[in-house]
There are 2 protein chains.
Amino acid sequence: MHPKLPSLTAIRAFETTARHLSVSQAAAELNVTHAAVSQQIRALEEWLGVKLMKRVGRSIALTESGAMYAAGLLNAFEGILDATKQVKAYNDTGPVNVTTTPTFASRWMVPRLNRFRAEYPDVAVRISPETELVDLAREDVDMGVRYGSGEWPGLVAERIIGGTLAPVCSPAYLAKAPPLEKPSDLLKHNLIDDSGPDEWSEWLRIMGVPDVHLDSRSFFTIKHLGHQAAVEGQGVFMGVVSLMESDLKAGRLVLPLGPGDEVPLDYYLVTREDVPLRTPAQQFREWILEEACRPPEED
Amino acid sequence: MHPKLPSLTAIRAFETTARHLSVSQAAAELNVTHAAVSQQIRALEEWLGVKLMKRVGRSIALTESGAMYAAGLLNAFEGILDATKQVKAYNDTGPVNVTTTPTFASRWMVPRLNRFRAEYPDVAVRISPETELVDLAREDVDMGVRYGSGEWPGLVAERIIGGTLAPVCSPAYLAKAPPLEKPSDLLKHNLIDDSGPDEWSEWLRIMGVPDVHLDSRSFFTIKHLGHQAAVEGQGVFMGVVSLMESDLKAGRLVLPLGPGDEVPLDYYLVTREDVPLRTPAQQFREWILEEACRPPEED
DNA sequence: GTTTAATGTAAGGTAAACTTACATATTTGC
DNA sequence: GCAAATATGTAAGTTTACCTTACATTAAAC
């Protein structure tokens, strides 16, 4: 009995040539000579009994049958390539790459990492604090931590901690500053901002202080260090309560207005829906989700 | 630079083995020895740096990675197989196979086939009159002629001729039989049927003769020869007007009640939506559609 | 415990695939 | 319009990837 499939080498030679519409370029891609490719195509045509390509001037073109065949094969080879990439990625034992916001990294992740290291000494983890949102489809990223509603298309989001926002300041600042008893009082204070004015105005709008026109001069704009500026008594900072627990417990910061916002934004661990996590990343994911349930500790 | 893909021979060996979960069976399918397959798998595992299969007792099983990889490859190889089958089928110059109803075949198709033969002497055509509906997905069928509404999922339907139904009988029969002036008169006649009672009762219902209880004894049931029985004066036959044109013109049959039905059923040429017609079938299709527009001729 | 039926490994053989070399065809440039 | 440049096509010879043969290993069956 005849085999069901022609030589795979021939099929690949044809597919590559069809993609480039050039025997020479195909040969270059396959690291062989053009003669090899040409012969493979001829063999395939003989096996099928069908002419797949024709010479047009000094280049080549697909016949109708060839175009049909190439379309099908293109798909199939892409499938093989994808599957191969996926297995290799899945078995990559390199460091787990986690992209996250700078705040979450420094206030939540880093303080706990030593516990992970103790539990899984063989798994290397690389935390990349990124100001901008990183596309998880990037090959060098295993997972991310995002602040938002938990709805991201194509991604699986698992809640880590609440994202309740509240204004905070140091006890010293509160003592010597103007009264701060209701949200609208905030307008007379130094508002520290480390990302953009949106957080403040959004929060004020929700708390019933509408039509606030905050121009950029209303702020200390200190990139990524707003929290520290608040501790040092430079003004009022808008922060995520669950990321300031240790400062609140230690009395370095206070909540003059109490936590009261209902913005439904939280911190989520996000992973790709379509690609399975490789083993070390699975371990890190499980650890994070366990850690998220753990009650906060004294420090 | 390393090639992007491992040896395709190795990939196929692995895919086949994964499908059978047996090296020996895979070897049998590939027409090689088990040792060849075993070595190919080992080579693939080394190339990937990933263990894909493990020995379990005296047979083998897939590892997690192996299962993942096999699933992707299975798809891809099926794609290659399908594409290959399709090109071969597309370029098959064997006879065009047309499945159709016996009536349409004998009354419309066969009388015109000599014209097709004259136009395309190299294209062989095989008409298969089938009482039952034939699945067009069958590999040995290029197209079909079906009687119906023109709506079939997955199929392209192109109208050939109208399917208007009407009772017919021979002039001699009409002369000596009871009067036949309105539809309800039919109940006193010999009704010839060659498929089942449905056509008659459906037609009578539409023509405003409801609640007719026709039992099988009301009929001459003469399989596939009803038309001829009518010509011979044995009773009234329910036929498709456009398939009886020559008899009507020649006076062998008459329409005692005139053509009057509005059943929206016609004869359609149907082809598969997902598979392109091979060249000879394309030619036959075009010829049929041209012929459908042609005015009827004397004979 | 021997037999049987599967997979794994190593050494050597062979055919498929590749390279080299030359032929052919068409576009480009002068 | 002719030579040069740039493609692809074909044939003969070489290489190497793949396969076979032969034996080892393992576990289930009897």
Side-chain angles (χ1 to χ4, degrees), chain A residues 1-63 66-67 70 73 77 80 84, chain B residues 1-63 66-67 70 73 77 80 84:
Chain A
M1 169 194 150
H2 247 9
K4 284 200 287 187
L5 280 182
S7 142
L8 291 175
T9 316
I11 289 186
R12 183 171 50 168
F14 169 66
E15 185 267 346
T16 311
T17 308
R19 203 147 26 75
H20 293 281
L21 285 179
S22 154
V23 174
S24 310
Q25 282 174 255
E29 180 178 323
L30 298 170
N31 288 314
V32 294
T33 59
H34 71 98
V37 174
S38 184
Q39 282 170 118
Q40 289 296 333
I41 294 175
R42 180 152 47 102
L44 180 58
E45 288 178 330
E46 269 163 28
W47 192 93
L48 287 168
V50 175
K51 203 107 189 70
L52 297 171
M53 317 195 95
K54 57 189 171 218
R55 267 195 83 149
V56 169
R58 72 179 169 189
S59 76
I60 54 168
L62 291 162
T63 63
L73 295 181
F77 275 91
I80 294 179
T84 306
Chain B
M1 167 196 152
H2 248 9
K4 285 199 290 187
L5 281 182
S7 142
L8 291 175
T9 316
I11 290 187
R12 183 171 51 169
F14 169 66
E15 186 266 347
T16 310
T17 308
R19 203 145 29 74
H20 293 279
L21 286 178
S22 154
V23 174
S24 310
Q25 283 174 252
E29 179 178 324
L30 298 171
N31 288 311
V32 293
T33 59
H34 73 98
V37 174
S38 184
Q39 282 170 122
Q40 289 296 334
I41 293 174
R42 177 153 46 101
L44 180 59
E45 287 178 331
E46 269 163 28
W47 192 94
L48 287 169
V50 175
K51 203 107 188 71
L52 297 172
M53 316 195 94
K54 56 189 172 217
R55 268 195 81 148
V56 168
R58 73 179 165 186
S59 75
I60 54 168
L62 291 161
T63 63
L73 295 181
F77 275 92
I80 293 179
T84 305

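Residue numbers begin at 1 in each chain, while the letters A, B, ... track the order of the sequences. The analysis underlying the following values was restricted to heavy atoms, covering all of them including side chains, and did not include hydrogens, waters or symmetry mates. Model, not experiment: these values are computed from the prediction.
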Student: Please tell me which of A/S7 and A/G57 maps to the more 5' nucleotide of DNA chain C, matching each residue to the nucleotide holding its nearest heavy atom.
Tutor: A/S7
Student: Please tell me if B/T33 has a side-chain N or O lying less than 4.0 Å from either OP1 or OP2 of D/dC19.
Tutor: no
Student: Side chain of B/A35, heavy atoms from C-beta onward: which of D/dT8, D/dA22, C/dT4 has the nearest atom to it?
Tutor: D/dA22
Student: Looking only at side-chain atoms of A/Q40, point me to the closest of C/dA17, D/dT8, C/dA6.
Tutor: C/dA17
Student: If you look only at distance, which donor and acceptor atoms sit under 3.5 Å apart when one is on a side chain in residues 48-57 of chain A and the other is two or more places apart or in another chain?
Tutor:
unit_1, atom_1, unit_2, atom_2, d
A/K51, NZ, A/E45, OE1, 3.2

Student: Rounded to the nearest Å, what distance is computed from the CG atom of residue A/L8 to the P atom of nucleotide D/dC18?
Tutor: 11 Å
Student: Between P on D/dC18 and CZ on B/R12, what's the gap in Å once rounded to a whole number?
Tutor: 11 Å
Student: Give a yes/no answer on whether the side chain of B/T9 brings an N or O atom under 4.0 Å of OP1 or OP2 in D/dC18.
Tutor: yes
Student: Would you check if B/L62 and B/F14 make a side-chain contact, meaning some heavy-atom pair closer than 4.5 Å?
Tutor: yes
Student: From CE of A/M53 over to C1' of D/dT8, roughly how many Å is that when rounded to an integer?
Tutor: 11 Å
Student: So does B/A36 get a backbone contact from the side chain of B/Q40, meaning a donor-acceptor N/O pair under 3.5 Å?
Tutor: no
Student: Whole angstrom is fine here: how far is it from NE2 in B/H34 over to P in D/dC18?
Tutor: 18 Å
Student: Just how far, in rounded Å, is P of D/dC19 from CD1 of B/I41?
Tutor: 12 Å
Student: Are the side chains of B/T16 and B/V37 in touch, meaning some heavy atoms are under 4.5 Å apart?
Tutor: no
Student: What is the distance from atom CZ of A/R12 to atom CG of A/L44, rounded to the nearest 0.5 Å?
Tutor: 13.5 Å
Student: OP1, OP2 of C/dA6 versus side-chain N and O of B/S59: anything below 4.0 Å?
Tutor: no
Student: Can you identify which nucleotide, out of D/dC19, C/dT9, C/dC18, has its nearest atom closest to the B/S38 side chain?
Tutor: C/dT9
Student: Can you name the nearest heavy-atom pair linking A/L30 to A/A13, along with the distance?
Tutor: CD1-CA, 3.9 Å
Student: Heavy-atom contacts under 4.0 Å between residues 17-29 of chain A and DNA chain D, which residues?
Tutor: A/S22, A/V23, A/S24
Student: Hey, could you give me the CZ/OG1 distance between A/F77 and A/T84, rounded to the nearest 0.5 Å?
Tutor: 11.0 Å
Student: Atom CD of B/E46 to atom P of C/dG8: distance rounded to whole Å?
Tutor: 13 Å
Student: What is the distance from CD1 of B/I60 to P of C/dA5, rounded to the nearest Å?
Tutor: 18 Å
Student: Record whether the side chain of A/Q39 comes under 3.5 Å of the base of D/dT8 through a donor-acceptor pair of N or O atoms.
Tutor: no
Student: Roughly how many Å is it from CZ in B/R58 to C1' in D/dC30, rounded to a whole number?
Tutor: 11 Å
Student: I'd like to know if A/R42 reaches the base of D/dT10 with its side chain such that a donor and an acceptor end up less than 3.5 angstrom apart.
Tutor: no
